[in-house]
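I have placed the structure first, in the form of structure tokens, so that the comments after it can refer back to it.
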Amino acid sequence: MLNLILFGAPGCGKGTQSLFLAEHYSLDHVSTGELLREEVRKETEFGEKVEALISKGHLVSDEIILELLFEHLEEIDEFTGVILDGFPRTVGQAEALFREFKERGWVAPILVNIEVDEDILVSRLLERGKVSGRTDDNEETIRNRFKIYNSATQPVIDYYAQHGDLITVNGQAEIKEVTQRIIDAVDAFVKNR
Ligand code: AP5
Ligand code: MG
């Protein structure tokens, strides 16, 4: 069983690459950002609270995200492997991930860290903001998303390097080239595991 995490700063290509990799490896793609945006679209009280956080670039609490994610994973008919996109985002989430996967007898995911310079990412997100309709694709929120990524999310890399399997890929290339880089790195890693 192969499980992957696509990890990296806002706009690094987690969602874009997940689609290609899910097809290539026949994995389910689960984006916690998408799960949250789905809740927002339901226009419930909970959705409103989520929207208030997302639109400012704040993280949703570990407790809520874990419940939402594992409820969703449990619903997958036959669990044959998954790409997690946007999770884990805190060391607390990474700890819970190892615990919960072990409990269910699932293989711990390989974390693929996609690295791209911040100035390139900001221009990608501002460009996407013109058409995406995402309330977090504006200059002020983008700045905050990076601040939170650097303070709360980046420490996951060190944690994962100590406790799990980590691959770093340079994400500064055309989309197809980045996909190939990830596939090459994952295949090489799995072969030598
Ligand atoms: P989330 O939806 O995960 O957003 P994000 O991490 O900020 O990342 P994005 O989705 O903006 O970018 P991406 O890396 O997927 O890149 P993409 O492929 O779209 O989270 C949103 C919010 O939800 C968070 O801020 C938080 O509030 C909350 N949240 C989510 N998960 C949470 C968790 N676990 N805990 C707590 N809170 C959570 O690409 C971006 C753009 O660049 C696109 O236009 C794309 O076409 C383009 N592009 C991609 N690759 C390339 C390339 N190689 N060259 C040129 N352009 C490219
Ligand atoms: Mg995304």
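Order of appearance sets the numbers: ligands from 1, and atoms from 1 within every ligand. Residue numbers run from 1 in the order of the sequence given.
Polar contact check, Asp137 against ligand 1: no nitrogen or oxygen pair lies under 3.5 Å apart. Checking only distances, Gln93 does come within under 3.5 Å of ligand 1, N or O to N or O. Residue Gly15 has at least one nitrogen or oxygen atom sitting less than 3.5 Å from a nitrogen or oxygen atom of ligand 1, judged on distance alone. Residue Val178 has no N or O atom closer than 3.5 Å to an N or O atom of ligand 1. The distance criterion of under 3.5 Å between nitrogen or oxygen atoms is not met by Phe87 with respect to ligand 1.
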Next on the checklist: Checking Asn150 against Glu118 for the side chain to side chain contact (heavy atoms under 4.5 Å, CB included) test, could you report, in this order, the C-alpha distance in whole Å, the side-chain angles of both residues, the deciding distance, and whether it holds?
Outcome noted: CA-CA 11 Å; Asn150 290 326; Glu118 194 166 310; 3.7 Å; yes

Checklist entry - Between Phe189 and Leu166, is a side chain to side chain contact (heavy atoms under 4.5 Å, CB included) present by the stated rule, with each step listed? => result CA-CA 9 Å; Phe189 189 89; Leu166 180 138; over 6 Å; no

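Glu34 and Arg37 are joined by a salt bridge, as a carboxylate oxygen and a charged side-chain nitrogen come within less than 4.0 angstrom of each other. Remark: Asp85 does not engage Lys14 in a salt bridge, criterion side-chain N to carboxylate O under 4.0 Å.
Heavy-atom contacts from other residues, nucleotides or ligands closer than 6.0 Å to CD of Glu100 number more than 12. When the shell of 6.0 Å around CD of Gln154 is examined, it contains more than 12 heavy atoms from other residues, nucleotides or ligands.
Contact of the Pro88 side chain with the Phe98 side chain is not registered, since no non-hydrogen atoms from C-beta on lie closer than 4.5 Å. In this structure, Arg89 and Val156 have side chains that are not in contact, with every pair of non-hydrogen atoms separated by 4.5 Å or more. Looking only at side-chain heavy atoms (C-beta outward), Ile65 and Leu36 come within less than 4.5 Å of each other. A 4.5 Å side-chain heavy-atom check between Val112 and Gln17 finds every atom pair outside the cut-off. Taking 4.5 Å as the limit, every side-chain heavy atom of Arg104 sits out of range of all side-chain heavy atoms of Leu73. Residues Leu21 and Ile183 meet the side-chain proximity criterion, which asks for heavy atoms closer than 4.5 Å.
Considering only non-hydrogen protein atoms, atom 19 (O) of ligand 1 sits nearest to Arg128 NH1, 2.7 Å. Nearest to atom 12 (O) of ligand 1 among the protein's heavy atoms is Gly11 N, 2.9 Å. When only non-hydrogen protein atoms are considered, atom 42 (O) of ligand 1 lies nearest to Arg124 CD, 3.2 Å. At the top of the distance list for atom 46 (O) of ligand 1, counting protein heavy atoms only, stands Thr16 OG1, 4.2 Å. Closest protein heavy atom to atom 53 (N) of ligand 1: Ala173 O, 2.8 Å. Summary of contacts: the protein heavy atom closest to atom 32 (C) of ligand 1 is Arg89 CD, 3.4 Å. Closest protein heavy atom to atom 13 (P) of ligand 1: Lys14 N, 3.5 Å. Closest protein heavy atom to atom 10 (O) of ligand 1: Arg134 NH1, 3.0 Å.
Among the candidates Phe7, Phe87, Phe101, the single residue satisfying the side-chain contact (heavy atoms from CB on, under 4.5 Å) test with Pro109 is Phe101.
Atoms CD and CD1, on Gln172 and Ile120 in that order, are 3.5 Å from each other to the nearest 0.5 Å.
When heavy-atom distances to ligand 1 are checked against a 4.0 Å cut-off, Leu36 comes that close only through its side chain, counted from C-beta outward. When non-hydrogen atoms are compared, ligand 1 lies under 4.0 Å from the side chain of Arg145 (C-beta onward) but not from its backbone. Contacts between Glu34 and ligand 1 below 4.0 angstrom, taking non-hydrogen atoms only, are absent altogether. Residue contacts with ligand 1, taken as heavy atom pairs separated by less than 4.0 Å, involve Arg37 solely via side-chain atoms from C-beta onward. Residue contacts with ligand 1 for Leu125 involve side-chain atoms from C-beta outward but no N, CA, C or O (heavy atoms, distance under 4.0 Å). At a heavy-atom cutoff of 4.0 Å, ligand 1 is contacted by both the backbone and the side chain of Leu59.
When each atom of ligand 1 is checked for a heavy atom of Gly86 under 4.0 Å away, the hits are 31 (N), 32 (C), 33 (C), 34 (N). For ligand 1, the atoms lying closer than 4.0 Å to a non-hydrogen atom of Ile54 are 23 (O), 27 (O). For ligand 1, the atoms lying closer than 4.0 Å to a non-hydrogen atom of His58 are 26 (C), 27 (O). Each of the following atoms of ligand 1 lies closer than 4.0 Å to a heavy atom of Cys12: 14 (O), 16 (O). With ligand atoms numbered from 1 in the order given, ligand 1 contributes 32 (C), 33 (C), 34 (N), 35 (N) to contacts under 4.0 Å with heavy atoms of Ile65.
A donor-acceptor pair is defined here as one N or O able to donate and one able to accept, closer than 3.5 Å; such a pair exists between the side chain of Thr141 and the backbone of Ser55.
Atom 36 (C) of ligand 1 has its nearest heavy-atom neighbour, among Val60, Thr32, Val40, Ile114, in Val60. Closest heavy-atom approach to atom 16 (O) of ligand 1 within the set Pro10, Ser61, Gly13: this belongs to Gly13.
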